[in-house]
Amino acid sequence: MSRYEAGVAEPKWQKAWTDKGCFETADIESPGGDTRPKYYVLEMFPYPSGRIHMGHVRNYAMGDVVARAKSAQGFAVLHPMGWDAFGMPAENAAMERNSHPAKWTYANIDAMREQLKAMGLAIDWSREFATCDPEYYAQQQALFLDFLDADLLTRKSATVNWDPVDMTVLANEQVVDGRGWRSNAPVEKRELTQWFFRITDFAEELLEAIDTLDGWPEKVRVMQRNWIGKSRGIEIPFALTDAAQGMEVVECYTTRPDTLRGASFIAISPEHPLSVALSETDTTIAAFRDECRLAGTSEEALEKAEKRGIGTGLSVVHPVYPDRTLPVWIGNFVLMDYGTGAVFGCPAHDQRDLDFARKYELPVANAFHMPGESVDVGDEALVPTKSETVVYVDHFAGLGETTSAEGIDATIDWMEARGLGTGQVRYRLRDWGISRQRYWGAPIPVVHCDACGIVPEKKENLPVRLPDDVTFDRPGNPLERHATWKHVACPACGMDATRETDTMDTFVDSSWYFARFCSPRATTPTNRAEVDRWLPVDQYIGGIEHAILHLLYSRFFARAMAKTGHLSPESVEPFKALFTQGMVTHETYSRTVKTNEGVERDVFFTPDEVSRDEEGVMRDASGEVITVGPTIKMSKSKRNTIDPEAIIARFGADTARWFMLSDSPPERDVEWTEAGAEGAARHLQRVWRLVTETAAKLNGAQGTATGASDLRKTTHRAIHAVTDDIAAFRFNKAVAQIYGLTNAVSQTDGKDLMALREAVEVLILLMAPMTPHLAEEAWAALGHDTMVVETPWPKADPALLVDDQITMPVQVNGKKRAEIRVDAKADKTVVEEAALADDAIQKLLDGGSPKKVIVVPGRIVNVVL
RNA sequence: GCGGGCGUAGUCCAACGGUAGAGACAGAGGACUUAAAAUCCUUCCAGUGUGGGUUCGAAUCCCACCGCCCGCACCA
């Protein structure tokens, strides 16, 4: 009997699918029009780093299962693939190799495309594009111009990290301990005028619509809500007793105006205009500001930083109690870019304020007590939740017992009515700055003209192409120093002008690619007929790391595109359902070695470099004992990666796919183990054996399965369960069901040939979304001359899903004591009689009668004594 | 600190509030074999992190605690 040779079968069927164009999705305007319901399944497109990793295998295996199952179930499926191809790694590689980012990127794409194709994915490759293709970024530039026209863009000043040696702007992650990652030079803050998408205009809409995203994980919805960070509060002007530095008031923002009675000081940010002004004449304040700036760079410092402050000598009048004055402090914990950069401190109801007050001996006064208590605050601030009931001192924010939420609302109304403050709704969300001072991104299509100002490039001149003749051998942006590129005529007046040399954030590229896939060659950003047919994406699959930025930006972009006519207003939520898959993990292998300096450090080994000896001890090639470390996410630094290409070469793509979908629920982490992979491969061989044996037994026999044998019942139950499990993303359970069916087939006597054939064919069809190559090979072996990809999904016969007679457990006081066989449709009284008539139950009843008998039809009987 | 999630056999995981086991991995024994691999058969193993509560009945719902994971965080 022959073994299944994945190495032969997989390329064969991949070619057969491609030759027949099985996965190419027709345009809506194509002749004959596809009237099937649509289904758009999309996995987050990869960055072309050069090689696929196991995370890709898992992500794309899941998407492929959905795509193939939906296709078999009668949907017109759109399942495209592309490349998120702009970004810094390409520039870094170009610097290292003295090459060009495009060369590196497109070579990586070629390599990764081959690797993905070896996975046998049901992808419409005719729609492939990379975001660095001029055809793509031309349309992105067109969108930019339309957004500019629709007032969805603005220009304002923003602070960037500037590397004075490399003469470049650094992303936050490129700043290590306050120094540039390459140059190691201290990073400077610089103010640059940059482009921003006005995403904050949509803050409320983006927040409210989260409630409609019921196909999204709750976790992601919570993260988006927190990111938008809506709060209701009030801005209160505190009048300075003596105007200082030309300022008469300090505006404070608070979400807890109900605590205003307990205010005992004002704290302003070191960056507050008043602090800045004071530091010009006061050297102590200047020194304090300098200290804060130094301490404030690293996150670690922020976390540990002690709450410190310095008095300004100024004071303000309490707006509600004009006879009270409050001192003004500068506090290192007050952030300039949140609220107004100034807060009032209420030590009684804020732990941070209390710490500060105790340290600098400032008064502490309660604004409220818990009902029935009136103990003053000691070392711990009294901070009840807003829904808890409190009693306000002096009825400050409410009579009698009231919740803080009511107190807050009452105070805002009361203060607004008296002109003491302005109620405000604020969002944590900031406008999205997209200007990047880099080469490898989509150029921002505007020209700076001395006479006309900022002039949009004309659409007919798009794309504003990146020049090819650039070098990375010198610091700075190659676009900036290119001899001719930026020198252009003004599109408006024709005079000499300068092209903008900033490029767009790569998040822009990924914020609309899902729409572009609907008509990837259109000469406008979208073709309305196509996007209206395909959007929204019915199922989006990717990593949780994109839970906030990418998904929020895409939601914004869809709205902006709808506003500018590129999408239907019905498509403002681009992803109907989202699934976030878990990571792929592996054991780590390490050994502690001493360096020449005598320092001990751990050296990590790849799974290939270690093996177990006869005693089961892990050793490296030289025989040294290796420590097996924790199972963690595959990463280059811990060297615990498994190369998908090697796995596919050794076991085949189907085995890799099958194992990735087995055992662990898709949203959880999955551990890659050698044993697990071998087990998956064994199962595929076992299925193949069953297929060839069945084909031999059938020997061409024709006919239809009839009757209600156990095998047929098992078969149809498997159809039912696997169909449900795939639809609900329970791939691990679908796999378990298929194992169960496999066991049933191999244990059957095989006398009912037609039932056997039905079972094996169903097995193949159910496995097909996960192991498509094996399915095709098996299908052909069973004598079919059509392909599985052209075969409809099997349908479960409802009659075979139910039993006539069922076994019901009988409990006495919650403990199982007997089993009875009853008719499945028997009514409660019949079941109750049967249960009480059981010998074991009779014995326990001991002649008495039960207090109560609970019959759950089809489930259980419980007798209460 | 705030928010979310997870704790079930040696391991990964199942179980509409209703018989704790679908499935896999590993282990043990056996069959086949000159032997091994492959294959097949049989089989061992937990009472669900801990403590309460609700219920006829709790892995499942509620409360508290313990442990692990993931977000967010001087957010006023």
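Treat the numbers as computed from the prediction; the structure is a model and nothing was measured. Lettering of chains follows the sequences in order, A, B, ..., and the numbering in each one begins at 1.
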Separation between the [atom1] atoms of [N] and [M], rounded to whole Å:
N: B:rC63; M: B:rA20; atom1: C1'; value: 25 Å
N: B:rA15; M: B:rU48; atom1: C1'; value: 11 Å
N: B:rU19; M: B:rG5; atom1: P; value: 26 Å
N: B:rG7; M: B:rA73; atom1: C1'; value: 27 Å
N: B:rG49; M: B:rC72; atom1: C1'; value: 27 Å
N: B:rG52; M: B:rG18; atom1: C1'; value: 23 Å
N: B:rG17; M: B:rU54; atom1: C1'; value: 12 Å
N: B:rU50; M: B:rU60; atom1: P; value: 11 Å

Minimum-distance nucleotide (side-chain atoms of [X] versus [options]):
X: A:Leu335; options: B:rA22, B:rG4, B:rC74; result: B:rC74
X: A:Met223; options: B:rA15, B:rG71, B:rC41; result: B:rG71
X: A:Thr254; options: B:rA76, B:rG18, B:rC13; result: B:rA76
X: A:Ile860; options: B:rC70, B:rC72, B:rU19; result: B:rU19
X: A:Asn862; options: B:rG57, B:rA76, B:rG4; result: B:rG57
X: A:Thr255; options: B:rC56, B:rA76, B:rU19; result: B:rA76

What does [X] touch in the nucleic acid at a heavy-atom separation under 4.0 angstrom: a base, only the sugar-phosphate, or nothing?
X: A:Val863; result: nothing
X: A:Val343; result: base
X: A:Val222; result: sugar-phosphate
X: A:Glu218; result: nothing

Please confirm whether the shortest side-chain N or O distance from [X] to OP1 or OP2 of [N] is below 4.0 Å.
X: A:Arg428; N: B:rA73; result: yes
X: A:Arg682; N: B:rC25; result: yes
X: A:Asn743; N: B:rA24; result: yes
X: A:Arg221; N: B:rG4; result: no
X: A:Asn732; N: B:rA24; result: no
X: A:Arg859; N: B:rG57; result: no
X: A:Lys852; N: B:rC56; result: yes
X: A:Arg689; N: B:rC40; result: yes

How many whole angstroms separate atom [atom1] of [X] from atom [atom2] of [N]?
X: A:Gln737; N: B:rC13; atom1: CD; atom2: P; answer: 18 Å
X: A:Asp724; N: B:rA22; atom1: CG; atom2: C1'; answer: 15 Å
X: A:Lys816; N: B:rA15; atom1: NZ; atom2: P; answer: 20 Å
X: A:Lys230; N: B:rA76; atom1: NZ; atom2: C1'; answer: 18 Å
X: A:Leu766; N: B:rA22; atom1: CG; atom2: P; answer: 20 Å
X: A:Glu587; N: B:rC12; atom1: CD; atom2: P; answer: 12 Å
X: A:Asp725; N: B:rA24; atom1: CG; atom2: C1'; answer: 15 Å
X: A:Ile738; N: B:rG23; atom1: CD1; atom2: C1'; answer: 11 Å

Is it true that the side chains of [X] and [Y] contain a donor and an acceptor less than 3.5 Å apart?
X: A:Tyr739; Y: A:Gln737; answer: no
X: A:Arg686; Y: A:Asn743; answer: yes
X: A:Arg555; Y: A:Gln224; answer: yes
X: A:Arg821; Y: A:Thr807; answer: yes

Please name the nucleotide paired to [N] by Watson-Crick or G-U wobble geometry with both distances under 3.5 Å, or report none.
N: B:rG21; result: B:rC13
N: B:rC2; result: B:rG71
N: B:rC65; result: B:rG49
N: B:rA76; result: none
N: B:rU8; result: none
N: B:rU42; result: B:rA28
N: B:rU54; result: none

May I ask you to test the [X]-[Y] pair for a side-chain heavy-atom distance under 4.5 Å?
X: A:Phe238; Y: A:Phe344; answer: yes
X: A:Arg225; Y: A:Val222; answer: yes
X: A:Leu800; Y: A:Arg717; answer: no

Parallel, tilted or perpendicular, as decided by the 30° and 60° cut-offs, for the rings of A:Phe729 and A:Phe579: parallel

Along RNA chain B (nearest heavy atom to each residue), the more 5'-positioned of A:Arg668 and A:Tyr739: A:Arg668

Which residue lies more 5' along RNA chain B, comparing A:Gly676 with A:Gln811 via nearest heavy atoms: A:Gln811

Glycosidic conformation of B:rG47, taking syn as within 90° of 0 and anti otherwise: syn

hbond_proxy A:Asp663 side chain to B:rG23 base (donor-acceptor, 3.5 Å cutoff): yes

Intermediate values then yes/no, side chain to side chain contact (heavy atoms under 4.5 Å, CB included), A:Val343 and A:Cys252: CA-CA 5 Å; A:Val343 299; A:Cys252 292; 5.6 Å; no

